[in-house]
Peer 1: 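Before we start, here is the structure in question, set down as C-alpha cells.
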Amino acid sequence: MAPIPRSWQRGSTRRHRRSRWETSRGQCSRPSRPAPRGGERAPRPLERGLSWASPFGRTSMIATAVRVRFAPSPTGYLHVGGARTALFNWLYARNQRGRFILRIEDTDQARSTEEACGAILRALEFLGLDWDEGPGAEGDHGPYLQSQRLPRYRQTLEALKASGRVYPCYCTPEELDARRELAVARGQMPGYDGRCRELSVSQRARLEAEGRAASWRLRAPTEGVTAWTDLVCGRREFQNALLSDRVLSRADGFPTYNFAAVVDDHEMAISHVLRGDDHVSNTPVQLLIYDACGWLPPKFGHLPMILGPDGKRLSKRHGATSVEEFETMGILPDALLNYLALLGWSPGVEGEEIYAREQLVRKFSLKRVASSPASFDYRKLDFINGEHIKRLPPQRRAALVRPRLQERGWQVDVAWRTPAGADAELYLDLVLRALGNRFNDLRRVLDQVAYFFTEDYPVDAAAVATDLGADEARARLARLADNLTAADDGVSVMPAAGFEKVARDTVAQLDVEASLLIHPCRVAVTGQLASARIFPVLELLGAPRVIARLRRAAGLG
RNA sequence: GGCCCCAUCGUCUAGUGGCCUAGGACGCUGCCCUCUCAAGGCAGAAACACGGGUUCGACUCCCGUUGGGGCUACCA
C-alpha cells in the first residue's frame, strides 16, 4: 500500500474553526456584524472618460495577490456542481496562498431563502472549504451579502448615469416578452430591440408621466468584438452586435446579477473569477460593464460542466446531487473533494488517484483543468470513499461508527468475556481492527458489526437454509459447542488460537473438511455468509456467546 | 432559430507532430492467495466519432459532417 499521507495520521487538518457557523448563524438575513471601523468606506470614484478609448489604461504590472470567490445564490441546497466550483476556487487560493472569499448573491428576493443560505454554509463547512472572508468571517471588503450592498450598486449606477453609459428604459417586462416572442417568431434575434436607447428628454418625461418606472440599461457598443483569454479554454470572443443592451438596475431598484457581480468583484478586489461554464455568455456582458465603469476586469476561467451518467445535465433523477445527500450516504468530505477534484482536473501523473486534501492543494493547477464536460460516476466516488475510509487512523474510524452504535444503545457486557472486558472503546477498536479493510462503507458497517454488540443482529435467511439446513451440519456445530464448553474454564478469555485448536480438533474427530465446520459456524455465530476471519471473531465474541449461538443454531438452545 | 463550447476505452483521464503496438484510474473478466467476504497480487477485454486536407509523418494542426452540452431574462 502507498505510504500514508500525513493528514490521515494526524486526523483532520481542516483549517476552519468549528465554531464559525455557530457564531455566524443568522448572518444570512440580518446584518448583525459590527459597523466597519470609521463608518462606511468612501465610494471608490469612477474613472470617467478613459473607458472605451483606453480600456487598459489602469493596467498595473505589479502582480496582485490572488483573491478568488465562491458566490452562490441561496435558492437551494449546495449542488455538487457548485461544490466543485467552490473546491477549485479554494484549491487555487490555498495553492497560491491567496484568499478565498464567500459571497452570497441574494439579490433575487423572491427565490432566496435563509434556510438555503444556512444549508450552503453548512455544506461548505462539512467539506472543510473554509473561507477567509465572508459570512461569519468579516474582512475588509464586506459586507458579503449582496442584499446588504445595495447602496454600493446605487452609487455605481449614479456614476454610470452621470457618464451617460446607461440609459433609462421604460419598457415593461410584459412588453419585452411580447416583443421577444414576436422577434423569435420572425426568426430575428431575441435580444433587446433598443427601443428606449435614443429617447429624447421629452419622450422620457412623457413615459414617466405615465407612471412607468425606469430600469437602467448599459449602452453597449454595437460593433466590434469583446474578447478575453480564458484561463481554461484560451481565447474567447463574442460579437458585440449580438450583445444587446442589458439591464443593470431593475425598475424596483435592485441590481441584476451581472451588474452586482461586477461591482462586487471589483470592490472585493477579486483577481480570478473561476466559475461554471454556464457563465461564459455572461462574461462579455460583464467585461462591457467593467469597461463602462473604467475598471480593470479580473481574469476569468470557466470550468466545464458536470453531467449525469447519461451525458445530460446532472439532476436529481440521476441520484444524489446535493452535498447534504452525500453526507447522509456516508461519503467522507475528503473523499467527495478528492473525487470532485478529479472531475475536470487531473494531476497529470499515473497510478494512484487517492489524494488527501493538502496533496490536492499542493498539486492543483489551473493549467491542468480540462475544457470538456465530465460525467459523474457514483461507483468511482464509492471506491474513492472506501479508500479514504481505509486510510483513516483507527480513532477516526471508531469515531465514525461510535455515535451510530450509541444511538442504538449497544454496549459491551463483561459477562461476554471478551479481550476488552467491559471497555467499550477498546472493544470497538478491536472489532474494527478485526474488520480491517472490510470496513469501507459507512452504510454497511453497522450491519457488519451488529453481531458483536447485540443478539438482535441481521440474519441471512438464505445462508441459514443452505449452511444450517442439514442435520449433519447442525450435529457438527453441537459437537463444536461441546468441545468448546469442555475447553472453557468459565473464567478466562479464550484467545483466537484457543478457538482454532478446538475447531481443528473437532474437525479431526469428525473427519471432515475444515470448511464443513467453519462455514456453518460462521453463519451460526454471525448470521452472515461473509465476515472477518472467524477465529478472531470468536475471540471477540467470547466463549459464552459463541457456545450459546452454536447451540441455538444446532437446535439445542 | 441564433451565438458559443466540447469530442481518446462504458466512465474519469494522460497525451501539445515521430517517444503510441495509445498509458493510468474506476468498473468488468480470469487466475493466485484463502475459513467466507473484502483487501491484496498477477493477467485480460475495452478508445483516438466520421470525412477531407496540411505534412516525410497525425490522437495531436486546419476545414467540414455528425453527436453532445451551454447560453439566448428587469434568474443567478
Side-chain angles (χ1 to χ4, degrees), chain A residues 1 71-75 105-108 110-112 146 169 171-173 176-177 180 183-192 213-217 230 233 236-239 242-244 246-258 260-261 276-282 284 302 304-305 307 309 311-313 339 342-354 368 370-384 386 390 435-441 448 463 467 500 503 513-519 521-523 526 528-535 537:
Chain A
M1 185 183 287
S73 56
T75 54
E105 306 213 326
D106 58 348
T107 53
D108 186 342
R111 295 198 303 151
S112 300
Q146 287 189 328
C169 172
C171 304
T172 65
L176 257 15
D177 283 346
R180 187 174 14 254
V184 171
R186 286 194 192 132
Q188 296 169 339
M189 287 197 340
Y192 181 61
S215 63
W216 290 83
R217 289 183 184 271
D230 197 277
C233 22
R236 294 256 196 164
E237 62 174 52
F238 285 80
Q239 299 289 327
L242 269 13
L243 270 23
S244 56
R246 312 299 277 256
V247 169
L248 301 192
S249 179
R250 301 182 243 192
D252 64 6
F254 274 74
T256 57
Y257 162 71
N258 280 310
D277 212 349
D278 48 341
H279 282 290
V280 263
S281 55
N282 284 322
H302 291 91
M305 307 249 69
L307 309 175
K312 305 289 182 196
R313 194 180 193 138
Y339 177 66
L342 259 18
L343 272 189
W345 171 81
S346 95
V349 293
E350 296 187 346
E352 280 271 5
E353 290 186 324
I354 308 301
R368 301 203 62 86
S371 55
S372 54
S375 290
F376 198 94
D377 184 352
Y378 290 92
R379 286 184 304 187
K380 186 153 184 176
L381 205 214
D382 263 330
F383 166 79
I384 288 177
K390 285 193 284 190
L435 230 44
N437 280 334
R438 295 171 188 78
F439 175 21
N440 58 11
D441 187 335
Q448 286 177 298
D467 280 73
E500 177 155 16
E513 296 262 341
S515 61
L516 287 176
L517 178 67
I518 287 174
H519 291 181
C521 174
R522 166 173 286 110
V523 174
T526 71
Q528 307 295 320
L529 231 33
S531 78
R533 297 183 65 81
I534 196 65
F535 299 118
V537 165

Peer 1: With rounding to the closest Å, how many angstrom separate the C1' atoms on B/G27 and B/A46?
Peer 2: 11 Å
Peer 1: Going through the checks in order, is the salt bridge (charged side-chain N to carboxylate O under 4.0 Å, His left out) test met by A/R180 and A/D177?
Peer 2: CA-CA 5 Å; A/R180 187 174 14 254; A/D177 283 346; 2.8 Å; yes
Peer 1: Would you say the base of B/G24 and the side-chain of A/E352 have a donor-acceptor pair closer than 3.5 Å?
Peer 2: no
Peer 1: Could you check whether A/S215 gets within reach of a base, just the sugar-phosphate, or nothing at all, counting any heavy atom under 4.0 Å?
Peer 2: base
Peer 1: On a whole-Å scale, what distance lies between the C1' atoms belonging to B/C37 and B/G44?
Peer 2: 24 Å
Peer 1: Between the protein and nucleotides 44-51 of chain B, list every N/O to N/O distance that falls short of 3.5 Å.
Peer 2:
none

Peer 1: Hey, does A/A251 reach any base, or is it just sugar-phosphate, or nothing, if we go heavy atoms under 4.0 Å?
Peer 2: base
Peer 1: Base, sugar-phosphate alone, or nothing: which one does A/S112 contact when heavy atoms must sit under 4.0 Å apart?
Peer 2: nothing
Peer 1: Rounding to a whole Å, what distance do you find between A/L176:CG and B/U72:P?
Peer 2: 14 Å
Peer 1: Touch check for A/A532, heavy atoms < 4.0 angstrom, all strands: base, sugar-phosphate only, or nothing?
Peer 2: base
Peer 1: Given B/C35, B/U36, B/C74, identify the nucleotide with an atom nearest to the side chain of A/I534.
Peer 2: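 For the A/I534 side chain, the nearest candidate turns out to be B/C35.
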Peer 1: Using atom OH of A/Y339 as one end and atom C1' of B/A25 as the other, report the distance to the nearest whole Å.
Peer 2: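 After rounding, the reported distance stands at 11 Å.
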Peer 1: Nearest-nucleotide wise, let me know which of A/S375 and A/Q239 is further upstream toward the 5' end of RNA chain B.
Peer 2: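 Mapping each residue to its closest nucleotide by heavy atoms, the 5'-most match is A/Q239.
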Peer 1: Write down the distance separating the P atoms in B/A58 and B/G18, rounded off to the nearest Å.
Peer 2: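 Looking at atom P only, B/A58 and B/G18 are 12 Å apart.
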Peer 1: Given B/G23, B/C74, B/U72, identify the nucleotide with an atom nearest to the side chain of A/V247.
Peer 2: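 Taking heavy atoms from C-beta onward, the closest nucleotide is B/C74.
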Peer 1: Is the base of B/C26 touched by the side chain of A/R379 through a donor-acceptor pair closer than 3.5 angstrom?
Peer 2: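 By the distance-only test, no, there is no pair.
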Peer 1: Just to be sure I understand the rule, does A/L242 reach a base, reach only the sugar-phosphate, or reach nothing, if contact means heavy atoms closer than 4.0 Å?
Peer 2: sugar-phosphate
Peer 1: To the nearest angstrom, how far is A/D252 atom CG from B/A73 atom C1'?
Peer 2: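 Roughly 14 Å, once rounded to whole Å.
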Peer 1: Quick check for you: among B/C26, B/C35, B/G24, whose closest atom lies nearest to any side-chain atom of A/E353?
Peer 2: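 The closest nucleotide is B/G24.
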Peer 1: Over all strands shown, is A/R186 touching base, sugar-phosphate only, or nothing at heavy-atom distances under 4.0 angstrom?
Peer 2: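 Answer is nothing: A/R186 stays at 4.0 Å or more from every strand.
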Peer 1: Could you go over nucleotides 63-70 of chain B and give all protein N or O partners under 3.5 Å, atom names and distances?
Peer 2:
residue, atom, partner, partner atom, Å
B/G69, OP1, A/K312, NZ, 2.7

Peer 1: Step through it carefully: locate the ring centre of A/Y339, locate the ring centre of A/F383, and say whether they are under 6.0 Å apart.
Peer 2: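 Ring-ring flag for A/Y339/A/F383: false, centres at least 6.0 Å apart.
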Peer 1: Is a donor from one side chain sitting under 3.5 angstrom from an acceptor on the other, for A/D467 and A/H519?
Peer 2: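 No, no side-chain donor-acceptor contact under 3.5 Å.
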Peer 1: Quote, to the nearest angstrom, the C1' distance that separates B/C20 from B/U60.
Peer 2: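 Between the two C1' atoms, the distance is 11 Å.
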Peer 1: Does a distance-only test, which skips hydrogens and angles, find a donor-acceptor pair under 3.5 Å between the side chain of A/K380 and the base of B/A25?
Peer 2: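 Answer is yes: a donor-acceptor pair is held.
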Peer 1: Whole-Å distance between B/C9 C1' and A/D377 CG?
Peer 2: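 For the pair A/D377 CG and B/C9 C1', the rounded distance is 14 Å.
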Peer 1: Between B/U16 and B/G23, how many Å separate the two P atoms, rounded to a whole number?
Peer 2: 14 Å
Peer 1: Would you classify A/S515 as touching base, sugar-phosphate or nothing, given that sugar-phosphate means primed atoms plus P, OP1 and OP2, and contacts are heavy atoms under 4.0 Å?
Peer 2: nothing
Peer 1: Which is true for A/N282 with a 4.0 Å heavy-atom rule: it touches a base, it touches only sugar-phosphate, or it touches nothing?
Peer 2: base
Peer 1: Name the nucleic acid region contacted by A/L435, choosing base, sugar-phosphate or nothing; use a 4.0 angstrom heavy-atom cut-off, strictly under.
Peer 2: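 The answer is nothing, as A/L435 stays clear of every strand by at least 4.0 Å.
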Peer 1: If I pick the P atom on B/G1 and the same atom on B/C62, what distance separates them, to the nearest angstrom?
Peer 2: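 My reading of the P atoms in B/C62 and B/G1 gives 26 Å.
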Peer 1: Using the closest heavy atom to pick a nucleotide of RNA chain B for each, name whichever of A/D108 or A/A370 lands nearer the 5' end.
Peer 2: A/A370
Peer 1: Roughly how far apart, to the nearest Å, are B/A43 and B/A25 at atom P?
Peer 2: 11 Å
Peer 1: Need one value for A/G344: base, sugar-phosphate or nothing, where a base atom within 4.0 Å counts as base even if backbone is also close, heavy atoms only.
Peer 2: sugar-phosphate
Peer 1: For B/C61 versus B/G15, give the span between their P atoms, rounded off to a whole number of Å.
Peer 2: 12 Å
